Number of protein chains: 4
Amino acid sequence: MARPRSEDKRNAILEAATKVFAEQGTSAPTARIARMAGVAEGTLFTYFESKDVLLNELYLTLKSGLREQMLEGYPHRASARERARHAWNGYVDWGVAHPEGRKVMAQLTVSERITEDSKTVGSAPFGGVQEMLREAMAKGVLREMAPAFVGALLSAMAEATISFIEREPKRAEPYRAAGFEAFWNAISKS
Amino acid sequence: MARPRSEDKRNAILEAATKVFAEQGTSAPTARIARMAGVAEGTLFTYFESKDVLLNELYLTLKSGLREQMLEGYPHRASARERARHAWNGYVDWGVAHPEGRKVMAQLTVSERITEDSKTVGSAPFGGVQEMLREAMAKGVLREMAPAFVGALLSAMAEATISFIEREPKRAEPYRAAGFEAFWNAISKS
Amino acid sequence: MARPRSEDKRNAILEAATKVFAEQGTSAPTARIARMAGVAEGTLFTYFESKDVLLNELYLTLKSGLREQMLEGYPHRASARERARHAWNGYVDWGVAHPEGRKVMAQLTVSERITEDSKTVGSAPFGGVQEMLREAMAKGVLREMAPAFVGALLSAMAEATISFIEREPKRAEPYRAAGFEAFWNAISKS
Amino acid sequence: MARPRSEDKRNAILEAATKVFAEQGTSAPTARIARMAGVAEGTLFTYFESKDVLLNELYLTLKSGLREQMLEGYPHRASARERARHAWNGYVDWGVAHPEGRKVMAQLTVSERITEDSKTVGSAPFGGVQEMLREAMAKGVLREMAPAFVGALLSAMAEATISFIEREPKRAEPYRAAGFEAFWNAISKS
DNA sequence: TATGAATGAGTATTCATTCAT
DNA sequence: GATGAATGAATACTCATTCAT
C-alpha cells in the first residue's frame, strides 16, 4: 500500500554509479552516486544493501548488457565464421558504445570486491557462443584447449581492439575487421 | 629532498606494496605496507612523496621487471618466430612467476591514479620487440595496423594464457605453447 | 490525532519494545520494534509520537505493572511486617517473572530520555505502601528520614535480591526470605 | 623516538567522557568527547580502539576509583562495625564527590556494551572488605548467603543513600549515618 | 633519518521521522 | 488508518600525511 520500489530509481543509481566510477574509480563516494542519480544518500541503500552489493550488481548488469548485444540477432544457422564475427562485432560495438561501462567493467574485473560467485555468473557460457567456439577451434591449434580459453581470447583481443578504436575512432572499422581476422586466425588455423 | 639512504628499504616498500595491494587492492592503507616492509609509517613517505607516487613507481617497476624477463637472452639473430616465441615465453613465465605482481599490474593498469606519463613510459616499445612485431606482421592480416596494436594483442593473449595456467598449473606448458601458436597465427597469417 | 484504533497494537508495540530494548539496549531501532510487533515502521508513530514518547510510556507502563503486583491482595489490615512482606514479595516476584521488563526499567531509570515528570509519576507513593513504611520505620534507625528514603531502600534491596535469584534460580525462596529479613531489620530495628 | 603516548591525554579523554556521558548518556558522540578533551577526533582512537573499548575502560576506571576511596585508610584492625562504617563512608563519599562518575557508572552497569569480563573484574572482591562482610554477617539473618550478596546490598543501599544526599545536600551527614545504621542492622541482626 | 602519535577531512551506513500510496 | 519507501542528519572510524621527538 506504500510507495512501491521503483525500477527506474534502481536503474538511475546503476547508471550514475557507472558514470561516477568511470570518472573517479570505484572508491568514489556513494553520496556522489546518489546525488547524480537524483536520490537521497540513504535511498541508495534501500536499493543496494551496501556498496559491495552495488558493485557486484553493477558488474553483473554490465556483463549482461554486453551479452545481450553479442546475442542480438545472432545468426544461429550461419557458418561458424559468421557467428564468430557476429559475436566479435557485438563485443566491440558494445565496448565502443559504452566506454564508461567498459572502463568500470575492467576495474571491477580485477577488484577484490567482486565475489567469486559474481565472477562465475558473469563469465558463464551463454547463448550459442560456446558452441560456435567449439566448432571454430575444432581444427585449429587450440583444439586441445577448453572453449573457455578461446572465449577468454575473444574477450582479451576484443578489449585490445576497442582500446585502439577509442584512441583512433576514425579507424574503427579497420580495427574491428582486422581484429576479427586476427582472432579468427588465432583460433581456427592449425 | 636528496636520494634516500637505503635502496634496500625502498625495495622492501615496493615489495610489501605488491603483496598488500595484491591481497587487498590498491586502497590498502600505507600503514599496512609500512608495517610489512618493516619500516615506520612515516618512513614510507621519505621514499615516496605520496601514495600516488608510490603507485606510479610500483607500476613502472613491475613493467620494467616484465620487460627484463622478455629481453633476457633475447635471440636477436633468430627468426621472427623464434624471437616472438622468446618474448611470449618471457611474458608468460614472468606472469606465472609473479602472480602478485601481475594482479597488481592489472589493477594499476585500469586505475585513475596512474598518470598518462606513467602509462606512456610503461608501454613504450623496447629492445628488439617492436622490430620483431613489425617483421612478423608484415604479411599477416594486421599488416596495415600499428605495431603497438600487435603488442597489445601479445599482452592481452599472454594475460589470458597466464590466467588459465594459474587455474591449471599442471597444464602450464600446453597452455603456453598453444597460446603462442594462437598468437603467431593471429599476427602472421593472412 | 484521535485515539488510535487498536489498543492491542499499542500493547504489542510496548511488549516488543520491552523485548528489543532488553536485548539491545534503548538505542535499538524503532524499525526492529515495529517488525517484532508485527506492524509497519510508520505505524509505530501513530501510537507513539516519537521514540522518546515511547520510552517514557514504556517506563510508566513497567512501573505500573510492578505496582499492580505489589498491591494485588495487599493485606491492609495485617501487621506492618506482614504488609511489608507482601510488598517485598510482590516486588521480587515481579522482577523474577519479568526479567526483560526489569532490565529495561533499570536502563530507563538512568536514562536522560526519561523526563522528570515521568520519574515523579513513576515513583509516587501508592496504595497503602507509604503508610506501611511509615509505621515500620517509626521506631527504627531511620525514624527521622523521609518514607521515600525507606521506599528507595526497599527498591534497592529488592533489586539486589532479584539479581541474585536470577543467577541462582533454585535458591529463589531463601534469597527472597533472607532479603526481606534484612530489609525489615534495616528499617525497623533501632 | 617518536612522540610517546601521553598518560595525560588518556586521562583527559576519560574525564571528558565522564562529563559528556553524564550529560548526554553513552550515546553521546565521540567527537564531542575528543573536543572536550582537547584532542583531535582521531586521537581518541589511538588511545581507545573503539567506543566500546572506551566504555569498558571507563567503567573499570570508575570502579577502581571507588575502591580506592573505600580502601583509603582502611582500619584493618578495628571492629567489623568500624571497618564496615569505613567502607560505607568511602562509598557514599565517593558518590557524593563524583556525581558524574556515579551517574555514568550507573548507566554502564546496565549497558549491554559492558562485557562480562569487565563486569567480573569490576565486581571482584577487594582489600579486606570481603572479610569484613563475612565477619559482620556471621550471626545475622544473612548468615547462609554469599558475601557477594551482602556486598551487593552495601552497594544498593549506598546508592540509594547517595541519591537522597544529592537531593538534600545539607542533610548529607544524617543520611550517611542513618543509611549506615540501616545497612548494619540489615546484615548483622538476627 | 627514523619513528609513530597527532591530525581532521572523508565516508559508508544507520535510523527517526515523514509522506505518497 | 496502515504501509514502507524516501529522506538526510548524524556518527564511528579510517587513513594519508605531518611533525615533534
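All of these numbers come straight from a predicted model, not from anything done at the bench.
The side-chain hydrogen bond (donor to acceptor under 3.5 Å, both in side chains) contacts involving residues 6-22 of chain A comprise A:Arg10-A:Glu57, where partners must be two or more places apart or lie in separate chains.
One atom, CZ of A:Arg5, and another, P of F:dA6, lie 8 Å apart when rounded to the nearest Å. A straight line from CD1 of C:Ile33 to P of E:dT17 spans 11 Å, rounded to a whole angstrom. At whole-Å resolution of the value, CZ in D:Arg32 and P in F:dT11 are 9 Å apart.
The residue C:Ala28 sits close only to the backbone: its heavy atoms come under 4.0 Å of sugar-phosphate atoms, none of a base.
Annotation: proximity of residues 45-61 of chain D to DNA chain E (heavy atom, distance under 4.0 Å) is found for D:Thr46, D:Tyr47, numbered in ascending order. Sorted by residue number, the list of members of residues 6-27 of chain D with any non-hydrogen atom under 4.0 Å from DNA chain F is empty.
Legend: residues meeting side chain to side chain contact (heavy atoms under 4.5 Å, CB included) with B:Ser50, ordered by chain and number and at least two apart, are B:Asp52, B:Val53.
Of the charged side-chain nitrogens involved, none lies within less than 4.0 Å of a carboxylate oxygen, so that B:Arg35 and B:Glu41 do not count as a salt-bridged pair.
Taking a pair as Watson-Crick or G-U wobble with both distances under 3.5 Å, the runs of three or more consecutive pairs in DNA chain F are E:2-21 with F:2-21.
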Could you list all N or O pairs between the protein and nucleotides 8-10 of chain F that sit under 3.5 Å apart?
from, atom 1, to, atom 2, distance (Å)
F:dG8, N7, A:Gly42, N, 3.2

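Using a 4.5 Å cut-off on side-chain heavy atoms (C-beta onward), C:Glu23 and D:Glu112 make no contact. Side chains of B:Leu14 and B:Phe48 form a contact here, defined as non-hydrogen atoms less than 4.5 Å apart. For the pair D:Ile33/D:Leu44, a side-chain contact is recorded, criterion being any heavy-atom separation below 4.5 Å from C-beta on. No side-chain heavy atom of D:Phe21 sits less than 4.5 Å from a side-chain heavy atom of D:Lys103. The shortest distance between side-chain heavy atoms of D:Lys63 and D:Tyr59 falls below 4.5 Å. By the 4.5 Å heavy-atom criterion applied to side chains, D:Thr43 and D:Tyr47 are counted as neighbours.
Side-chain atoms of A:Lys51 never come within 3.5 Å of backbone atoms of A:Pro29 as a donor-acceptor pair (strictly under, hydrogens ignored). A donor-acceptor contact shorter than 3.5 Å is absent between the side chain of B:Arg67 and the backbone of B:Leu62.
Residue order along DNA chain F, read from the 5' end via each residue's closest nucleotide, puts C:Gly38 first among B:Ala31 and C:Gly38.
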message = As a quick check of understanding, evaluate side chain to side chain contact (heavy atoms under 4.5 Å, CB included) for D:His98 and D:Met105, giving each step before the final call.
response = CA-CA 10 Å; D:His98 302 90; D:Met105 207 173 77; over 6 Å; no
query = Going through the distances and angles, do A:Gln107 and B:Gln107 end up as a side chain to side chain contact (heavy atoms under 4.5 Å, CB included)?
reply = CA-CA 7 Å; A:Gln107 288 171 340; B:Gln107 288 171 339; over 6 Å; no
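Side-chain N/O atoms of D:Arg3 include none lying less than 4.0 angstrom from OP1 or OP2 on E:dG4. Contact annotation: B:Thr30 side-chain N/O to F:dA16 OP1/OP2 distance is under 4.0 Å.
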